[in-house]
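The structure presented is a predicted model; accordingly, all values stated were derived computationally and were not measured.
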Amino acid sequence: MPDDPYKTLGLTKSATADEIRKAYRKLVRTSHPDLHPDDPQAEARFKAIAAAHELLRDPETRARYDAGEIDSAGVERPRRQYYRDFAGASDNAYQTRGAQGRGGFGGGADPADVFAEILRNRSRGGAGTGGGFSAPGPDARFTLTIPFLEAARGGETRITLPDGSNLAVRIPQGTEDGQTLRLRGKGQPGYAGGPAGDALITVHVRPHPVFRRDGDDILVILPITIDEAVLGGKVTAPTIDGPVGLTIPKGASSGHTLRLRGRGIARGGTGSKGDQRVELRIVSPPGQDKALADFLTEWRKTQAHDPRAEMLKDAGT
Amino acid sequence: MSTRFTEDEVIAAVTRLTRPQLIRYIEVAFVRPERAEQGYLFRQVDLARLELLCDLSQDLELDENALHVVIPLLDQLHAARLDLARLTDTLRALPPDLQDRIARYTAQR
């Protein structure tokens with residue numbers, strides 16, 4: 001059974017019409033589902049409040065309720081639909097977003113920014129808790145281009161700010177191209193004692209002539225000679241932490257990829273490390289090698305292996 | 001969800017709404033019904049929005065100036081909530097080890 005409508009509105013039977021209206025308005029502000037889309041209980045509360053108000057707003061129905069002629073369920077409104085039930089639909093044309101790229105969580109927003117925003121709001125605990133109004137300062141945005149190896153291995157660099165001062169920036173290990181670093185409290189000063197904003201530094205990583213990156217893995221193309229390919233052997237390969245020895249298996253081909261475990265990019269804090277993937281590429285010796293040519297001329301006479309046979313069949317043309 | 005309502009049906013369904021008020025809400029684009037040859041066509045979302053507009057203007061006695069503040073903020077709020085929900089879905093669809101890494105990565109900041 002529904003509750004006493006007076007109790008629902010926080011009133012007694014002696015409440016005036018004006019008190020009823022005021023109490024209702026106050027409760028609507030705190031319980032309207034469309035004004036509190038994240039509150040799952042709002043709808044039930046609002047329904048009770050609206051039903052109570054419906055009953056008591058009209059002096060006639062109120063008098064009948066007071067006299068016991070109708071009970072509080074008598075005037076319950078039919079179930080209605082709330083705007084919030086539709087508002088979340090992705091095709092809802094009423095949604096509006098701020099200009100792209102100007103804060104907000106617009107379509108192009110970096111998810112990392114969203115997280116940072118959420119965490120920052122939480123840690124600051126909202127502005128103005130101390131009574132008077134204060135607000136955090138605006139964020140300052142910079143871009144920074146760093147060499148590939150510095151991004152991969154981490155390091156420290158300095159950027160010069162428009163006002164001539166400079167700022168130390170720690171580059172975390174494994175920083176990716178386009179990543180944004182946040183230096184807390186290094187933005188514009190806050191208002192009225194509010195905390196300073198953050199410096200947001202978008203990092204661009206300059207490509208490297210030898211190393212490429214795929215997630216936490218480093219990709220390298222390693223040239224090998226014909227004899228190394230056929231006979232196998234130990235060669236030296238570059239890695240981001242310096243040259244290491246690598247064993248080429250006998251009978252290697254171009255395109256064959258070897259994995260150097262743990263020679264990729266370490267992610268700060270996670271302890272996990274990517275690999276370096278070494279793609280082999282057979283390179284003929286420079287110039288004309290008469291001895292090799294003579295040998296291969298003889299060798300060819302006894303060879304039946306056609307590496308393209310399968311391919312021509314699969315092509316189906 | 002493809003049901004459409006005519007202007008008369010809307011006035012009948014949203015009992016508190018008067019015709020001049022409906023016309024005004026359309027004029028200032030608080031609701032944006034589809035236009036058809038025989039008049040406006042309203043969707044479910046428009047009806048729910050009109051209920052909300054009635055709550056705000058009649059129960060809370062917000063005048064049109066105040067509605068121009070509240071409605072755009074609500075629309076932005078819902079856009080942000082949708083983005084957040086999509087982001088959350090995307091994160092949950094990632095492999096667990098990647099989720100761990102994202103959690104640790106955000107904790108560092």
Side-chain angles (χ1 to χ4, degrees), chain A residues 21 24-29 32-35 37-38 46 49-50 53 57 77-78 80-98 104-107 109 111-112 114-120 172 174 179-184 198 215-216 267-272, chain B residues 1-3 13-16 29-34 42-62 70-91 94 97-109:
Chain A
R21 202 165 49 89
Y24 172 63
R25 210 186 299 166
K26 198 173 156 193
L27 289 168
V28 168
R29 286 205 299 265
H32 197 295
D34 286 335
L35 303 179
D38 287 316
F46 182 70
I49 294 161
H53 179 243
R57 71 195 295 194
R77 278 197 222 172
R80 65 173 265 196
Q81 267 161 326
Y82 293 101
Y83 178 63
R84 69 173 185 180
D85 300 332
F86 299 94
S90 54
D91 60 352
N92 178 12
Y94 289 117
Q95 289 174 4
T96 47
R97 293 175 171 80
F105 301 146
V114 178
F115 279 120
E117 205 67 35
I118 292 165
L119 295 169
R120 188 164 59 123
Q179 193 174 323
T180 299
L181 306 176
R182 184 181 288 273
L183 300 184
R184 189 152 302 164
D198 300 341
D216 289 346
R267 277 304 176 102
T270 66
S272 74
Chain B
M1 289 293 284
S2 59
T3 327
V14 185
T15 46
R16 296 173 290 170
F30 284 159
V31 280
R32 297 195 290 269
E34 292 167 12
F42 297 81
R43 298 151 297 175
Q44 286 278 349
V45 60
D46 299 318
L47 256 75
R49 213 169 146 87
L50 286 164
E51 288 278 7
L52 170 63
L53 283 162
C54 287
D55 288 340
L56 294 176
S57 64
Q58 295 174 22
D59 293 342
L60 291 184
E61 293 176 22
L62 298 190
V70 172
I71 295 295
L73 286 175
L74 264 180
D75 290 341
Q76 288 175 55
L77 170 71
H78 283 296
R81 290 179 80 240
L82 177 67
D83 288 344
L84 205 55
R86 277 188 186 147
L87 190 69
T88 310
D89 284 353
T90 311
L91 287 175
L94 294 175
D97 62 314
L98 200 51
Q99 290 191 31
D100 277 1
R101 260 165 55 195
I102 292 168
R104 270 180 287 197
Y105 175 72
T106 45
Q108 277 170 24
R109 298 199 139 205

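The contact between B/Leu52 and chain A is made by backbone and side chain atoms together, counting heavy-atom distances below 4.5 Å. The contact between B/Leu56 and chain A is made entirely by side chain atoms (from C-beta outward), counting heavy-atom distances below 4.5 Å.
Using a distance-only test at 3.5 Å, with no hydrogens or angles considered, a donor-acceptor pair links the side chain of B/Arg81 to the main chain of A/Pro37.
Note: A/Leu35 CG to B/Leu74 CG = 6.0 Å, rounded to the nearest 0.5 Å.
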Next on the checklist: Between A/Asp34 and B/Arg49, does the salt bridge (charged side-chain N to carboxylate O under 4.0 Å, His left out) criterion hold? Intermediate values first, please.
Outcome noted: CA-CA 9 Å; A/Asp34 286 335; B/Arg49 213 169 146 87; over 6 Å; no

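Between A/Arg21 and B/Glu61, the closest heavy-atom pair is NH1-OE2, 2.8 Å.
Listed options B/Leu73, B/Leu77, B/Val31, B/Asp46 were ranked by heavy-atom pairs under 4.5 angstrom with chain A; first place goes to B/Val31.
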